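If you're wondering where the values come from, they're calculated on a predicted model, not measured in any experiment.
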Amino acid sequence: NPANAAQDEVLVATFRGIYRSVDGGDSWNQVLASDSAWTDVAITSTGVMYAVTRSGGFIRVWRSPDGSNWTLIQPGAFPTIANRIVIGLAPSNPQIAYFFAQGVNAPSIGGHQFWKYTYLSGNGSLNGGLWENRTPNLPVDVFTQTGYDQIVHVKPDDANFVLIGGTDLYRSTDAFLTPNAVTLIGGYPFWPDGQHHPDLQAGAFSPANPNVYYSANDGGMSKATDVRLADMVWTSLNHGYNVTQFYSVAIAPDAFSNVILAGAQDNGSQLGNAPG
């Protein structure tokens with residue numbers, strides 16, 4: 001709901017493409033078709049929209065000033081095939097968008113590419129936009145499990161402060177312009193002590209404090225009170241919330257026993273012994 005958009009305008013990314021509603025969801029129109037399970041759409045603070053679709057197996061990157069008129073903007077060097085691409089917008093600079101791709105048919109880091117797009121003029125295509133391939137500066141161990149866990153978020157007050165996530169969470173303070181500005185700040189190394197679970201699914205910066213970041217993952221929710229710290233500190237926000245995708249269960253064979261032991265995917269084991 002950008003400042004210049006209608007209060008009841010909504011866009012959604014679906015298996016079949018991008019759909020738009022101008023009446024709060026009472027009716028929908030398909031504005032971009034796709035034959036991929038992975039699509040994405042994002043809206044800047046000025047109401048400009050970016051979307052990623054796939055048609056005939058080929059990737060399409062779009063820009064629209066109004067949700068009705070869409071222009072293809074990807075450059076010739078952009079991968080033509082990808083499994084999933086997610087979009088990250090820079091709140092402090094609505095001219096900048098980042099595209100984090102997985103499963104590409106081009107030189108990559110573990111199958112991933114990372115691009116920065118800067119809008120310059122016109123409809124944003126060709127010379128109207130500047131594309132920078134910053135893939136070489138991705139962490140060499142970046143892993144998204146073929147797009148299952150894949151995010152890109154930009155700090156609200158700094159267009160060059162970018163987070164990307166897969167199984168682990170990484171921070172770049174220069175938008176992956178150089179490899180030396182990249183730091184591992186979440187995921188497996190932070191899991192044993194319960195600070196931060198791997199497999200990143202979503203996240204958001206606090207609207208009240210741009211240094212606060214909330215991370216949603218396969219273990220629940222974690223909070224960083226300062227995402228800029230050299231030595232990251234996370235606090236679990238689960239407070240009794242259990243993430244339990246059980247894949248194994250054992251019942252005690254003893255007569256009249258109430259003991260049940262269940263194993264949850266990536267989230268330990270739980271013991272129950274309540275009567276009944």
Heavy atoms from other residues, nucleotides or ligands near CG of N127 exceed 12 (cutoff 6.0 Å): no
Side-chain donor or acceptor of T183 paired with backbone N/O of I185 under 3.5 Å: no
Set of residues satisfying side-chain contact (heavy atoms from CB on, under 4.5 Å) with respect to Y119, sequence neighbours excluded: Y50, R63, Q95, Y117
Check: F190 and M232 side chains under 4.5 Å, non-hydrogen atoms: yes
Nearest heavy-atom neighbours spanning S222 and W234: CB-CE3, 3.8 Å
Side-chain touch V142/I109, heavy atoms, less than 4.5 angstrom: yes
Same apolar cluster (I L V M F W Y, side chains within < 4.5 Å links), L200/F143: no
Minimum side-chain heavy-atom gap I151-I164 below 4.5 Å: no
Check: N133 side chain, T135 main-chain N or O, donor-acceptor pair, under 3.5 Å: yes
T53 side chain vs S34 backbone, donor-acceptor pair below 3.5 Å: no
Criterion side chain to side chain contact (heavy atoms under 4.5 Å, CB included) on F205 and V227, from CA distance to verdict: CA-CA 9 Å; F205 285 91; V227 75; 3.9 Å; yes
Side-chain donor/acceptor of R84 to backbone N/O of T146, under 3.5 Å: no
For N137 against P179, the heavy-atom pair lying closest together: OD1-CD, 3.1 Å
Closest approach of A82 to V104 (non-hydrogen atoms, all atoms of both residues): CB-CG1, 4.0 Å
Separation between CG of D266 and OH of Y247, rounded to the nearest 0.5 Å: 8.0 Å
Could you go through residues 269-276 and list every donor-acceptor pair under 3.5 Å that involves a side-chain atom there, pairing it with any protein atom two or more places apart or in another chain?
none

4.5 Å side-chain heavy-atom contact, W28 and S21: yes
Flag side-chain contact, heavy atom, 4.5 Å: V162 against F114: yes
Exercise: identify the closest heavy-atom pair between P198 and N217: O-CB, 3.8 Å
Pair listing, side chain to side chain donor-acceptor pair (under 3.5 Å) test, anchored in residues 192-216, at least two apart: Q145-D199, Y148-Q201, H153-Y213, K155-N211, D193-Q195, H196-S215, H197-N267, Q201-D218, N211-R228
Test item: D174 side-chain N/O and L177 main-chain N/O as donor-acceptor pair under 3.5 Å: yes
Sidechain-backbone polar pair: R134 side chain, A175 backbone, donor-acceptor under 3.5 Å: yes
ILVMFWY cluster, I43 and V86 together (side-chain gap under 4.5 Å): no
Taking every non-hydrogen atom, the tightest pair across T144 and G165: CG2-O, 4.1 Å
L138 and Y170, any side-chain heavy atoms less than 4.5 Å apart: no
Check against side chain to side chain contact (heavy atoms under 4.5 Å, CB included), K223 and V212: CA-CA 7 Å; K223 176 184 178 180; V212 174; 3.7 Å; yes
Side-chain donor or acceptor of T39 paired with backbone N/O of T14 under 3.5 Å: yes
Hphob cluster co-occupancy, L72 + L126, side-chain heavy atoms under 4.5 angstrom: no
Residue pairs involving residues 55-85 (criterion ring pair (Phe, Tyr, Trp, His ring centres under 6.0 Å); sequence neighbours excluded): F78-W115, F78-W131
Residue pairs involving residues 19-45 (criterion salt bridge (Lys or Arg N to Asp or Glu O under 4.0 Å); sequence neighbours excluded): E9-R20
Gap separating the CD1 atom of I85 from the CZ atom of F99, nearest 0.5 angstrom: 8.0 Å
Hydrophobic cluster membership, L163 vs M221, 4.5 Å side-chain cutoff: no
Note, T167 side chain near D149 side chain (heavy atom, < 4.5 Å): yes
Between CZ on residue F161 and OG on residue S92, distance to nearest 0.5 Å: 12.0 Å
Side chain to side chain donor-acceptor pair (under 3.5 Å) pairs, two or more places apart, involving residues 98-108: T80-N105, N83-Q102
Heavy-atom side-chain proximity of I59 to I81 below 4.5 angstrom: no
No-hydrogen, no-angle side-chain donor-acceptor test under 3.5 Å, N29 and S27: no
Side chain to side chain contact (heavy atoms under 4.5 Å, CB included) assessment of V233 paired with T225: CA-CA 8 Å; V233 177; T225 55; over 6 Å; no
Cluster overlap F176 with I96, hydrophobic side-chain contacts below 4.5 Å: yes
Worked check of side chain to side chain contact (heavy atoms under 4.5 Å, CB included) between R60 and R54: CA-CA 6 Å; R60 302 285 187 268; R54 187 165 64 185; over 6 Å; no
Residue pair S125, N123: steps toward the side-chain hydrogen bond (donor to acceptor under 3.5 Å, both in side chains) verdict: CA-CA 6 Å; S125 64; N123 61 19; 2.7 Å; yes
Stepwise side-chain hydrogen bond (donor to acceptor under 3.5 Å, both in side chains) check, S64 with D66: CA-CA 6 Å; S64 173; D66 53 18; 3.2 Å; yes
Nearest heavy atoms of L89 and A42, plus distance in Å: CD1-CB, 3.5 Å
